[in-house]
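Lettering of chains follows the sequences in order, A, B, ..., and the numbering in each one begins at 1. Remember, predicted model here, so these are calculated numbers, not experimental data. Below, all heavy atoms of this structure are taken into account, side chains as well, without hydrogens, waters or symmetry copies.
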2 protein chains.
Amino acid sequence: MTSTGTGTRWLTAGQQRVWRTFLLGSTRLLDRLERELRERHGLSLPEYEILVRLSESAGRQLRMAELAASVSHSRSRVTHTVTRLEAAGLVRRTVCPTDRRGVVAELTDEGYIRLVEAAPTHVDGVRGHLVDLVDADDFEAVGRVFAAAAQQLDPGCAAALPRITRE
Amino acid sequence: MTSTGTGTRWLTAGQQRVWRTFLLGSTRLLDRLERELRERHGLSLPEYEILVRLSESAGRQLRMAELAASVSHSRSRVTHTVTRLEAAGLVRRTVCPTDRRGVVAELTDEGYIRLVEAAPTHVDGVRGHLVDLVDADDFEAVGRVFAAAAQQLDPGCAAALPRITRE
DNA sequence: CGTCAGCAGTTGAACACTCAACCAATCAAG
DNA sequence: CTTGATTGGTTGAGTGTTCAACTGCTGACG
């Protein structure tokens, strides 16, 4: 696709190169991280992310909706993911005491252990395949760029966004 | 996950923030681009990408393996995607004349038309949800970062990588 | 309080992706 | 030539994701 008579503002050659490089690189990266987690710990990346959020919450538990918002997945998707994790004994469901519609997902001890085992694999991957490869300032720029996108797209509200301010 | 006694080099708080912002932002972004393409043109993002590669190739055709490499998807995945596109009449398969094992996928006229229709939607999305939101230098940095990752991860070879050289 | 709109979460069917097994053509070696 | 290893691509089963329909609870308003 290059310029035609229509009103569309196409990407410049440079922008297009960046965009495609991003698509390619992130595809490969996510693919690899997923593969490493799955082979060594039997977890998918989304599953891992869920466990992380739970582990960081007070009481290691979170309402389904908050969980969904924090990873920006659909509720339905989180339901399915949690169902799998529950079947694996890594998470437990409870009815929310303050709202009987609600469900809170809680990390089990076994889930916590699995997470602790898996974390080094994941972190090593993120470092080895990304962070340690690049200039620190460039990496910071990535943060600013995707913060902007995340915020502009925010499905519902910007709540879940880790604040990126220059302190 | 924060520092423990083990040898793992954890991410700094800042690095972690960037990494999570990237995950969140790219999830939302890809999600949105996919949704826009699908609603308005009945195409998924991977399907769209395939059509783009074909449209840019000599004769609007490409061997399956090259197609797979160019988008960094598994061969199997490309087989399935092309099967769908073929069923939709957007792509046609032919046996490769020079290697009877080979299959070349060719963009049909209808496929080309659909692509031309869809392209503005996609480009507007990439601009509106990303490029136009951010500092040009930051965006360039994104290119460098993911080029590094893509190259380090390259499944097979770096061939498909759009060259990012400062001219 | 009773009704009703809207929210929390689940369900199941349709669809996409992965993985390993597979077939067929090629190529290199004897 | 024949054999065997390799490459190009497909297949189908298993798994994950999406989408729309659905249940049950809550909370606002009359």
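Nearest to the side-chain atoms of A:R38 among the listed nucleotides D:dG16, C:dT18, C:dG9 stands D:dG16. Here the nucleotide nearest the side chain of B:M64, chosen from C:dA16, C:dT11, D:dG9, is D:dG9. Ranking D:dT10, C:dA8, C:dA16 by closeness to the B:R75 side chain, first place goes to D:dT10. With D:dT17, C:dC17, C:dC19 as the choices, the nucleotide that has an atom nearest any side-chain atom of B:R84 turns out to be C:dC17.
One can place CG of B:L67 at 15 Å from C1' of D:dT10, the figure rounded to the nearest angstrom. For the pair B:L85 CG and C:dC17 P, the interatomic distance rounds to 11 Å; values are reported in whole Å. One can place CD of A:E49 at 11 Å from P of D:dT17, the figure rounded to the nearest angstrom. In this structure, A:R77 atom CZ and D:dA20 atom P are separated by 17 Å, rounded to whole Å. What separates CD1 of A:I50 from P of D:dT17 is a distance of 10 Å, to the nearest Å.
Between B:T83 and A:E47, the residue whose closest nucleotide on DNA chain D is further toward the 5' end is B:T83. Comparing A:R93 and A:D31 by the nucleotide of DNA chain C whose heavy atom lies nearest to each, the residue mapping closer to the 5' end is A:R93.
Checked against B:L90 for a side chain to side chain contact (heavy atoms under 4.5 Å, CB included), the options B:L43, B:L54, B:D109 give a single hit: B:L43.
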Review item, nucleotides 20-29 of chain C N/O atoms under 3.5 Å of protein N/O:
unit_1, atom_1, unit_2, atom_2, d
C:dT26, OP1, B:R100, N, 3.1

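When only modelled atom types and interatomic distance are considered, A:T81 and A:H73 share no side-chain donor-acceptor pair under 3.5 Å. At a cut-off of 3.5 Å, with distance as the only test, no side-chain donor of A:R144 or B:T21 sits close to an acceptor on the other residue.
Under a 4.0 Å N-O distance rule, the pair B:E56/A:R20 qualifies as a salt bridge. With respect to the salt-bridge test (charged N to carboxylate O, under 4.0 angstrom), the residues A:E39 and A:R35 do not qualify.
Side-chain contact between B:Q15 and A:R127: present, with at least one pair of heavy atoms (C-beta onward) separated by less than 4.5 Å.
Checking the phosphate oxygens (OP1, OP2) of D:dG9, a side-chain nitrogen or oxygen of B:R63 falls inside 4.0 Å.
A donor and an acceptor atom never sit less than 3.5 Å apart when one is taken from the side chain of A:H80 and the other from the base of D:dT15. Checked by distance alone, B:H73 brings no side-chain donor or acceptor within 3.5 Å of a matching partner on the base of C:dT18.
For A:R93, the CZ atom is densely surrounded, since the number of other residues' heavy atoms within 6.0 Å is greater than 12.
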